[in-house]
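Here is how names work: the chains are called A, B, and so on, in the same order as the sequence lines, proteins then strands, and each is numbered from 1. Values below: all heavy atoms of this structure, side chains included; hydrogens, waters and symmetry mates excluded.
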Protein chains: 2
Amino acid sequence: MISQTSEYALRAVIHLAHYSGSARTTQQIADATRVPSGYLSKVLQALARAGLVRSQRGLGGGFTLARNEAEVTMLDVIRAVDQPLERINACPLGLVTHTELCPLHRKLDEAVEWVEASFGSTMIADLLGKGEVEPLCDASTEKDVTLRVTRNKSE
Amino acid sequence: MISQTSEYALRAVIHLAHYSGSARTTQQIADATRVPSGYLSKVLQALARAGLVRSQRGLGGGFTLARNEAEVTMLDVIRAVDQPLERINACPLGLVTHTELCPLHRKLDEAVEWVEASFGSTMIADLLGKGEVEPLCDASTEKDVTLRVTRNKSE
DNA sequence: CATCAATTGGATCATGATGTACGGATCTGC
DNA sequence: GCAGATCCGTACATCATGATCCAATTGATG
């Protein structure tokens, strides 16, 4: 549905929103969200370039949310790290005779439209789930969490 | 939204539905749908393996739809060529403490669900657009179609 | 100055998308 | 039935890109 990178970005942002106030280091975020830290570093940088997070070097540094979690949408986060999930405006075949989209591309655009509307109206704050279910997917503690065995296709 | 490969597969199937009855060669399909023929060949293979199209070698051969266009969904076609766009059933982080999905993954799954429902209930026949707009994106003739200039990022 | 943590650049690996080329099947004309 | 023209089937080779890791560098803090 969305790229791995977008997933990672969303997890990171949600994590930061959860720890809003204190700076979180790349390693801390990586551990909590189960994202490879080396890659997360680049994802966080993209988020920083987009102005969604602020970074602070040195002791006590790390990342913090740059904007209020009630004002940032899922779509904002996705757009910061991936290319923009565009609507289909013109016939992808480039046929000028088609002033309207053919049924296929109308249907495909409809899906893009729905996803855009859904993700575009969902704030990060909506994903924190106060009380009901645990905030992100980081359980009680951040270390020693029991993992379910994930099957690789190589086996 | 969907992969290039899925797009190609859908175009090909729609083209075949439009020419239902007569066999269409890979080259004919490629020309009409603006898909690289070399690649299309493999896409058609996958469709054949999935039982969606039938192939016939030799003179006068080509591909035909194996099932009625009113009984095949967009999702069937997509599933034949791409890995299956799965619902999110369990926490992707593998946390066993999460019996329910966290808000993020519930939202993401919701999108998958919608797309699945939309594509799963749209038949190929629905994409032919009898009369209103041109069938697929192949305009009046299949050759000498005026193309809109498509900009490459390399320029 | 020593330590900590982000920043950056490059190396690697898998995979999707594409082109090429050859072999096997099938039909047509004789 | 034989020859040759078609047309699918498949195996490689290539290229771009997403995802990943690692090491060196820069900047902040005490």
Between side-chain atoms of residues 70-77 of chain B and protein atoms elsewhere (two or more places apart, or another chain), which donor-acceptor pairs fall under 3.5 Å?
| unit_1 | atom_1 | unit_2 | atom_2 | d |
| --- | --- | --- | --- | --- |
| B:Thr73 | OG1 | B:Leu75 | N | 3.3 |
| B:Thr73 | OG1 | B:Asp76 | N | 3.0 |
| B:Thr73 | OG1 | B:Asp76 | OD1 | 3.4 |
| B:Thr73 | OG1 | B:Asp76 | OD2 | 3.1 |
| B:Asp76 | OD2 | B:Thr73 | N | 2.9 |

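- For B:Gln56, counting side-chain heavy atoms from C-beta on, the closest listed nucleotide (C:dC27, C:dT7, C:dA17) is C:dC27.
- The CZ-P distance, from B:Arg24 to D:dC7, rounds to 11 Å in whole Å.
- The side chain of A:Ser41 sits closest to C:dT8 out of D:dC8, C:dT8, C:dT18.
- Atom-to-atom, CD of A:Gln27 to C1' of D:dC21 comes out at 13 Å; the value is rounded to the nearest Å.
- Among the nucleotides C:dT7, D:dT10, D:dC8, the one closest to the side chain of B:Arg49 is D:dT10.
- For the pair B:Ser118 (side chain) and B:Trp114 (backbone), a donor-acceptor distance under 3.5 Å is absent.
- One atom, CD of A:Gln4, and another, C1' of D:dC21, lie 16 Å apart when rounded to the nearest Å.
- Between the P atom of D:dT14 and the OH atom of B:Tyr39 lies a distance of 19 Å, rounded to the nearest Å.
- Atom CG of B:Leu40 is separated from atom P of C:dG19 by 11 Å (rounded to the nearest Å).
- When distances are taken from the side chain of A:Thr5 to each of D:dA19, C:dG19, C:dG10, the shortest belongs to D:dA19.
- Rounded to a whole Å, the OH atom of A:Tyr8 is 13 Å from the C1' atom of D:dC21.
- Closest approach to the B:Arg57 side chain among D:dT20, C:dA17, C:dG24 is made by C:dG24 (side chain taken as heavy atoms from C-beta onward).
- The side chain of B:Leu59 lies closest to C:dT28 when the candidates are C:dA6, D:dT29, C:dT28.
- The nucleotide whose nearest atom lies closest to any side-chain atom of B:Gln83 is, among C:dT7, D:dG9, C:dG16, C:dG16.
- Using a 4.0 Å cut-off between charged nitrogen and carboxylate oxygen, A:Glu113 and A:Arg106 do not count as a salt-bridge pair.
- With distances taken from any side-chain atom of B:Lys42 to the nucleotides C:dA17, C:dG19, D:dC8, the minimum falls on C:dG19.
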